[in-house]
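Note: hydrogens, waters and symmetry copies are ignored here, and every other heavy atom, side chains too, is used.
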2 protein chains.
Amino acid sequence: MVITIVQDQSSEIRGRGYLVKQRAFIKLYLLTMIERKKDYAFNYLDEMKTELHKFGYQPTHSEIYKALHELTLDGVLYRTKKIKGDPRKDFQEIVLYRFTEEGYEKAQLYKKQMKAELDRCVGLLQKAIRDNY
Amino acid sequence: MVITIVQDQSSEIRGRGYLVKQRAFIKLYLLTMIERKKDYAFNYLDEMKTELHKFGYQPTHSEIYKALHELTLDGVLYRTKKIKGDPRKDFQEIVLYRFTEEGYEKAQLYKKQMKAELDRCVGLLQKAIRDNY
DNA sequence: CAATGAACATGTTGTTCATAA
DNA sequence: TTATGAACAACATGTTCATTG
């Protein structure tokens, strides 16, 4: 008999030791923004862009959507749909995300791991600065 | 008439604004190590591993070789071959790298750009820490 | 143009294979 | 085992296309 162990790769934070992957970085922001206010993908993207463009980083919309989809698949978030604006005259549907029952706790664990990971990355970069300049 | 501008992608430092690419990170270390002592790929790899494993990063040999090949193609380095050990009884060939005529200056420019890039990355990560914790 | 999503294409990196001493 | 290199596979990410209001 062959036993196959399927590991959940989608929530992996670091690849093989270099810097934190963009997807994980985006998830961190999403979880925090969802903690603070219930909103939808397009606005989350907009907020990340305006906050981070000073640092030369402009995330793309597809990365945001993929990150939200993965967090949903991992059971951290669930989706609800809503009509944007006045439901009597507007019809634009938007997708709102909230934490599932266990989602909030999972998010806190994820954020805790990410904190360690971000610290590691800062350390690695500062080490490079020390070593090369 | 169509004018095609071919840009040298191989020496690009940042992709599209997220963190510095591993290849560029490795090149920075290589240039500094070559400044300090003439050595060969295998030892450069070894030095990077021992210096950086505390930060959870273990570069692979293929990345080192590819980085050295690119720096050679870009005219920064040139290669010389040598027999390792006593040439009368040993035959193991190793490849030594040195700066070309304009290589040293090119390397200094590259390092200068990388310094700004590393600072940007540290800033981005620290911003993420501030924003999410 | 705002909003979501998928499909597709490219880029980046790791693992494996080949060769030699 | 050290040493170099290429070929290949896998993964990560960006660009484009499709759809709706």
Q: Which of these nucleotides, D:dA6, C:dG14, D:dT13, is closest to any side-chain atom of B:Glu63?
A: C:dG14
Q: Checking side-chain polar atoms at under 3.5 Å, does B:Tyr44 have a donor or acceptor matched by the opposite partner on B:Asp39?
A: no
Q: The test is side-chain hydrogen bond (donor to acceptor under 3.5 Å, both in side chains); show your working for B:Tyr57 and B:Glu51 and say whether it passes.
A: CA-CA 9 Å; B:Tyr57 175 44; B:Glu51 282 296 314; over 6 Å; no
Q: To the side chain of A:Tyr40, which of C:dG14, C:dT12, C:dA3 is closest?
A: C:dA3
Q: Quick one, give me the B/S/- string for nucleotides 16-21 of chain C, reading 5' to 3', where B means a protein heavy atom under 4.0 Å from the base and S means that only happens at the primed atoms, P, OP1 or OP2.
A: B----B
Q: Out of C:dA3, D:dG5, C:dG5, which has the shortest distance to the side chain of A:Tyr97?
A: C:dG5
Q: Give me the ring orientation class for A:Phe25 and A:Tyr29: parallel if the planes are under 30° apart, tilted from 30 to 60°, perpendicular past 60°.
A: tilted
Q: Tell me which nucleotide among C:dT4, D:dT13, D:dG5 gets nearest to the side chain of B:Arg79.
A: D:dG5
Q: Quick one: B:Glu70 CD to C:dG11 C1', roughly how many Å, whole number?
A: 12 Å
Q: Could you check whether A:Lys84 gets within reach of a base, just the sugar-phosphate, or nothing at all, counting any heavy atom under 4.0 Å?
A: sugar-phosphate
Q: Look at the side chain of A:Phe42 and decide which nucleotide, out of D:dA6, C:dA2, C:dG14, has an atom nearest to it.
A: C:dA2
Q: Quick one, A:Gln108 with A:Gln113, criterion side-chain hydrogen bond (donor to acceptor under 3.5 Å, both in side chains). Give me CA distance, side-chain angles, the key distance, then yes/no.
A: CA-CA 9 Å; A:Gln108 296 317 304; A:Gln113 288 169 170; over 6 Å; no
